[in-house]
There are 2 protein chains.
Amino acid sequence: MADTEPTPVPERKRGSGVKMVYDLLRDEILDLVLPPGSPVDEVQLAERFKMSRTPIREALVRLAGEGLIETLPNRSTMVSNIDFLNLHTFFDALVLMYRVTTRLAAQNHRQEDLPTIRGFHEDYAAAVTARDTLAMIATNVAFHAAIAEAGRNPYFTGLFRRLLDEGRRILRLYYQSYEEQFPQRFVDEHAEIIAAIEARDIEGADRLGKAHAEQIVLQVQQLFSRNVRLDIAL
Amino acid sequence: MADTEPTPVPERKRGSGVKMVYDLLRDEILDLVLPPGSPVDEVQLAERFKMSRTPIREALVRLAGEGLIETLPNRSTMVSNIDFLNLHTFFDALVLMYRVTTRLAAQNHRQEDLPTIRGFHEDYAAAVTARDTLAMIATNVAFHAAIAEAGRNPYFTGLFRRLLDEGRRILRLYYQSYEEQFPQRFVDEHAEIIAAIEARDIEGADRLGKAHAEQIVLQVQQLFSRNVRLDIAL
DNA sequence: TGTATTTTTCTTGTCGACAAATAAAATGCA
DNA sequence: TGCATTTTATTTGTCGACAAGAAAAATACA
């Protein structure tokens with residue numbers, strides 16, 4: 001319980017510690033290695049990373065700023081809970097950002113954006129044929145994040161990135177249960193989206209982005225209600 | 001130049017220092033007391049607030065997380081610049097958030113939200129008749145922030161708040177020039193928006209929110225181009 | 001035994017000092 | 001004078017230690 005990692009690195013450069021701790025904790029939170037509610041102890045982290053509490057603290061402040069952890073004053077810090085009761089607000093925001101970023105990509109993308117997007121599209125297709133669920137999640141996120149970048153609106157990409165993070169956490173929670181859940185259909189939809197972006201078909205991209213997002217949300221909701229039903233059945 | 005404030009408070013409680021510094025710096029940045037590009041010196045702030053660098057630093061990390069300041073590693077920290085070249089991305093995001101939050105308010109508000117919204121509406125009307133420009137900016141922000149809260153989607157309200165902050169900074173920059181710029185018309189539109197929300201007219205609220213936002217953006221853009229033209233003329 | 005009160009423990013919040021990195025200033029040299 | 005090099009100055013990054021606050025444990029008392 002004390003050493004969760006086999007001593008990452010004993011030596012590092014000035015200024016790199018914060019980012020390292022931030023990135024690693026963020027990954028562990030989003031991958032549910034640190035499940036919601038887990039205590040986050042500064043001293044323990046300081047020992048684990050072989051540094052003083054100061055840079056640890058700075059990383060925690062940043063994580064708290066993004067809502068990934070919560071601090072009870074003078075008492076403790078823990079990984080934020082997933083607000084299952086208000087998941088609909090999450091889905092609303094997610095669908096809108098899918099739409100808007102896809103739309104803006106059709107409007108604002110440059111030629112050099114397309115190879116990147118196509119690359120992730122192919123990675124996703126490969127993950128689907130390999131039935132590698134975790135790779136599907138990761139490449140799907142990368143695909144849509146790349147589209148958002150091509151849309152070139154930092155306000156939207158910022159929110160979208162946070163939403164995708166939270167989605168990653170939620171999907172991890174159920175990733176055992178969805179075999180076949182991200183099917184070939186999504187690969188085809190991705191291809192359509194790319195075509196609309198490339199053709200600068202703004203309304204088409206908007207429509208496809210929305211429909212695609214709603215499909216994904218529907219899948220997750222079904223997954224969700226199925227699991228709840230299982231819980232109740234026991 | 002050294003003491004910008006007449007010694008705020010020499011005594012304070014454990015844990016309150018960070019929030020105090022954060023709030024004060026945030027206000028000074030948004031009110032352009034600290035204009036874009038201003039250096040933000042940790043030691044100077046520590047002296048000014050009579051505390052050590054540690055809580056100052058934490059406040060700065062949070063401000064950096066919201067993009068209000070920028071840190072050059074190992075060198076200096078300064079107030080973020082306003083990205084005039086990409087203002088359209090700001091306007092796009094602002095209009096969409098106006099729309100969405102108004103729409104969601106019509107859908108999700110509770111009875112107890114309306115008095116608050118009406119209160120800010122009246123404050124704004126009073127500021128208009130008094131021709132108090134700064135009060136107009138402040139109450140307009142409060143009015144729309146209250147509507148967003150009534151929409152009850154923390155993802156949208158979070159982004160909206162940041163956009164309104166940035167707008168506050170931009171408007172401050174030109175606040176000398178716009179007399180009569182927020183006219184009676186906006187008061188009437190606010191009243192229409194309230195009516196649509198109360199009637200739970202979702203599509204109507206959406207439409208009004210969008211139109212209202214576009215009007216505001218238009219005003220700001222006109223203000224902007226007029227000032228640019230002045231600069232060029234000189 | 002049950003409850004109020006004191007003590008202890010544990011975690012965070014703050015501090016002052018030092019180290020590292022960068023830019024600016026000073027110096028050397030042709 | 002012009003340029004490369006060394007030195008200094010300034011600012012941030014990190015550290016270890018201590019203090020404060022809150023919960024948990026221990027104690028006192030009816």
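Just so we're on the same page: letters track the sequence lines, and every chain starts at 1.
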Novice: Here's a test of your reading of the structure: between L60(B) and S52(A), which maps to the more 5' nucleotide of DNA chain D?
Specialist: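 Taking each residue's closest nucleotide, the earlier one in sequence belongs to L60(B).
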Novice: Who passes salt bridge (charged side-chain N to carboxylate O under 4.0 Å, His left out) against D83(A), sequence neighbours left out?
Specialist: none
Novice: In whole Å, I'd like the distance from the CZ atom of R12(A) to the C1' atom of dC15(D).
Specialist: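 Rounded to whole Å, this separation is 11 Å.
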Novice: Can you name the salt bridge (charged side-chain N to carboxylate O under 4.0 Å, His left out) partners of R162(A), sequence neighbours left out?
Specialist: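 Scan of R162(A) (salt bridge (charged side-chain N to carboxylate O under 4.0 Å, His left out), adjacent residues dropped) gives none.
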Novice: Only counting residues at least two apart or in another chain, list the ones meeting salt bridge (charged side-chain N to carboxylate O under 4.0 Å, His left out) with E42(A).
Specialist: R53(A), R57(A)
Novice: Who are the salt bridge (charged side-chain N to carboxylate O under 4.0 Å, His left out) partners of D41(A), not counting sequence neighbours?
Specialist: none
Novice: Base, sugar-phosphate, or nothing for V40(B), non-hydrogen atoms under 4.0 angstrom?
Specialist: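 Result for V40(B) = sugar-phosphate.
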Novice: Please test E66(A) against R62(B) for salt bridge (Lys or Arg N to Asp or Glu O under 4.0 Å), starting from the C-alpha separation and ending with a verdict.
Specialist: CA-CA 10 Å; E66(A) 296 177 33; R62(B) 285 169 55 178; over 6 Å; no
Novice: Any salt bridge (charged side-chain N to carboxylate O under 4.0 Å, His left out) pairs touching residues 144-160 of chain B, not counting sequence neighbours?
Specialist: D113(B)-R152(B), E149(B)-R161(B)
Novice: Just the rounded figure in Å: distance from P of dT12(D) to CZ of R53(B).
Specialist: 7 Å
Novice: For D41(A) and M51(B), find the nucleotide of DNA chain C closest to each by heavy atoms; which residue's nucleotide sits nearer the 5' end?
Specialist: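 Closer to the 5' end of DNA chain C: D41(A).
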Novice: Atom CG of N140(B) and atom NE2 of H121(B): how far apart are they, to the nearest 0.5 Å?
Specialist: 11.5 Å
Novice: Between the protein and nucleotides 21-24 of chain D, which nitrogen or oxygen pairs are less than 3.5 angstrom apart?
Specialist:
unit_1: dG21(D); atom_1: N2; unit_2: R75(A); atom_2: NH1; d: 3.2
unit_1: dA23(D); atom_1: O4'; unit_2: R75(A); atom_2: NE; d: 3.3

Novice: Using heavy atoms to find the nearest nucleotide of DNA chain C for E42(A) and T54(B) separately, return the residue whose nucleotide is more 5′.
Specialist: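 The answer here is E42(A).
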Novice: How many Å lie between CD1 on I56(B) and C1' on dT14(D), as a whole number?
Specialist: 18 Å
Novice: With P36(B), which residues qualify under side-chain contact (heavy atoms from CB on, under 4.5 Å), at least two apart?
Specialist: L32(B), N81(B), I82(B), R169(B)
Novice: Grab the CZ-P distance between F49(B) and dC15(C) for me, whole Å please.
Specialist: 13 Å
Novice: What nitrogen or oxygen pairs link the protein and nucleotides 6-8 of chain C at under 3.5 Å?
Specialist:
none

Novice: Strictly by salt bridge (charged side-chain N to carboxylate O under 4.0 Å, His left out), give each pair with a member in residues 97-106 of chain A just once, sequence neighbours left out.
Specialist: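 Sorted pair list: R99(A)-D206(A), R103(A)-E203(A), R103(A)-D206(A).
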Novice: In this structure, how many angstroms lie between the C1' atom of dT12(C) and the CG atom of L45(A), rounded?
Specialist: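 So the CG-C1' distance, L45(A) to dT12(C), works out to 13 Å.
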Novice: Between P on dT11(D) and CD on E47(B), what's the gap in Å once rounded to a whole number?
Specialist: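 Atom CD in E47(B) sits about 11 Å away from atom P in dT11(D).
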